[in-house]
Engineer: 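Okay, here's the structure, questions in a sec.
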Amino acid sequence: MKRQTVKKLIQCVAIIAAGVLAIILFMLAIWCRGKNSEPVTDEQVAAQMQQAEPLVIETPEAAAEGSIRVYDYDGCCIYAYYGKIRINNDGKDGKDIDVEAIGYLEGYQEHKEESGARE
C-alpha cells in the first residue's frame, strides 16, 4: 500500500512538473513573439518612422495649351477653341473670371434660329 501511495505521489509530481514546464514554454513563446512584433510605444513608432524612406512629391509643370468647347442647350458642341490658354483670374477672389485664349476657333454646326426655322 505504501508503494502505491509513493507511486501516485510520483505521478502527481510528474504531472505538476509537466504542467509547469508547459506554462513556462508557453510564456517563453509569447515573449519571443512579442519581442519580434511591431513597436507599441510612441517612441518606438517615432523611431521606426524616422527610418522610413523620405517621401518625394513631384509637381508637374502646369499646362499652357488646351481646348475650350461651347455647347448649346441640347448638348451639341457648336464651337471649339484650341491653343494657348492663360487664366488671369479664376474668380476665387470674388472678382470676374478672366481667361485669355490665343489660338483658333472651329465651328461644329450651324446655329439654329431662335424661332426654330431653318434657312
Side-chain angles (χ1 to χ4, degrees):
M1 185 124 162
K2 194 174 181 187
R3 263 187 174 179
Q4 282 185 333
T5 306
V6 171
K7 197 174 188 180
K8 285 189 179 188
L9 185 61
I10 291 173
Q11 285 177 345
C12 287
V13 169
I15 291 172
I16 290 173
V20 169
L21 182 62
I23 291 172
I24 290 172
L25 290 174
F26 180 72
M27 297 301 282
L28 183 63
I30 291 175
W31 178 76
C32 287
R33 188 173 183 190
K35 190 173 182 181
N36 296 330
S37 68
E38 295 292 320
V40 290
T41 65
D42 291 340
E43 292 82 15
Q44 289 172 331
V45 171
Q48 187 179 37
M49 288 178 70
Q50 286 178 352
Q51 294 173 356
E53 293 182 21
L55 178 64
V56 177
I57 299 174
E58 295 180 10
T59 305
E61 187 175 325
E65 295 191 13
S67 64
I68 299 172
R69 288 172 296 285
V70 179
Y71 294 91
D72 65 5
Y73 290 110
D74 296 328
C76 295
C77 183
I78 54 176
Y79 290 110
Y81 159 80
Y82 301 97
K84 289 190 179 236
I85 300 172
R86 183 172 36 214
I87 301 173
N88 297 325
N89 189 350
D90 62 2
K92 290 182 182 177
D93 59 0
K95 296 181 182 176
D96 289 341
I97 297 171
D98 182 20
V99 177
E100 289 182 24
I102 306 164
Y104 63 95
L105 184 67
E106 290 183 1
Y108 283 100
Q109 72 179 42
E110 295 180 16
H111 293 286
K112 297 178 184 175
E113 297 287 329
E114 286 188 29
S115 63
R118 292 187 150 187
E119 292 181 12

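These numbers come from the heavy atoms of this one structure, side chains and all, not from hydrogens, waters or symmetry mates. These numbers come from a predicted model, not from an experiment.
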Engineer: Would you confirm whether D74, through its side chain, and C76, through its main-chain N or O, come within 3.5 Å as a donor-acceptor pair?
Structural biologist: no

Engineer: Test of understanding: with side chain to side chain contact (heavy atoms under 4.5 Å, CB included), list the residues that count as partners of V56, not counting sequence neighbours.
Structural biologist: E58

Engineer: Any idea which heavy atoms bring C77 and Y79 closest together, and the distance?
Structural biologist: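 That would be SG-O, 3.3 Å.
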
Engineer: Using modelled atom types only, decide if a donor and an acceptor are shared between the side chain of Y82 and the backbone of E65 within a distance under 3.5 Å.
Structural biologist: no

Engineer: In the single-linkage hydrophobic clustering (I, L, V, M, F, W, Y; side-chain heavy atoms under 4.5 Å), do Y71 and I68 co-cluster?
Structural biologist: no

Engineer: CD1 of I97 to NZ of K92: how many Å apart, nearest 0.5 Å?
Structural biologist: 10.5 Å

Engineer: According to a 4.5 Å side-chain heavy-atom criterion applied to Ile, Leu, Val, Met, Phe, Trp and Tyr, with indirect links allowed, do I24 and I30 form part of one hydrophobic cluster?
Structural biologist: no

Engineer: To the closest 0.5 Å, what do you measure between CG (D98) and CG (D96)?
Structural biologist: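 Between atom CG of D98 and atom CG of D96 there are 8.5 Å.
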
Engineer: Less than 4.5 Å apart, any side-chain heavy atom of L21 and any of L25?
Structural biologist: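 They are in side-chain contact.
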
Engineer: When rounded to the nearest 0.5 angstrom, what distance separates CD1 in I102 from CD1 in I85?
Structural biologist: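 One gets 10.5 Å once the value is rounded to the nearest 0.5 Å.
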
Engineer: Would you find more than 12 non-hydrogen atoms of other residues, nucleotides or ligands less than 6.0 Å from E100 atom CD?
Structural biologist: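 Atom CD in E100 is crowded, with more than 12 foreign heavy atoms closer than 6.0 Å.
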
Engineer: Report the residues that fulfil side chain to side chain contact (heavy atoms under 4.5 Å, CB included) with K95, sequence neighbours left out, ordered by chain and then residue number.
Structural biologist: N89, D93

Engineer: Hey, what do you get for CD1 (I10) to CZ (R3), rounding to the nearest 0.5 Å?
Structural biologist: 11.0 Å

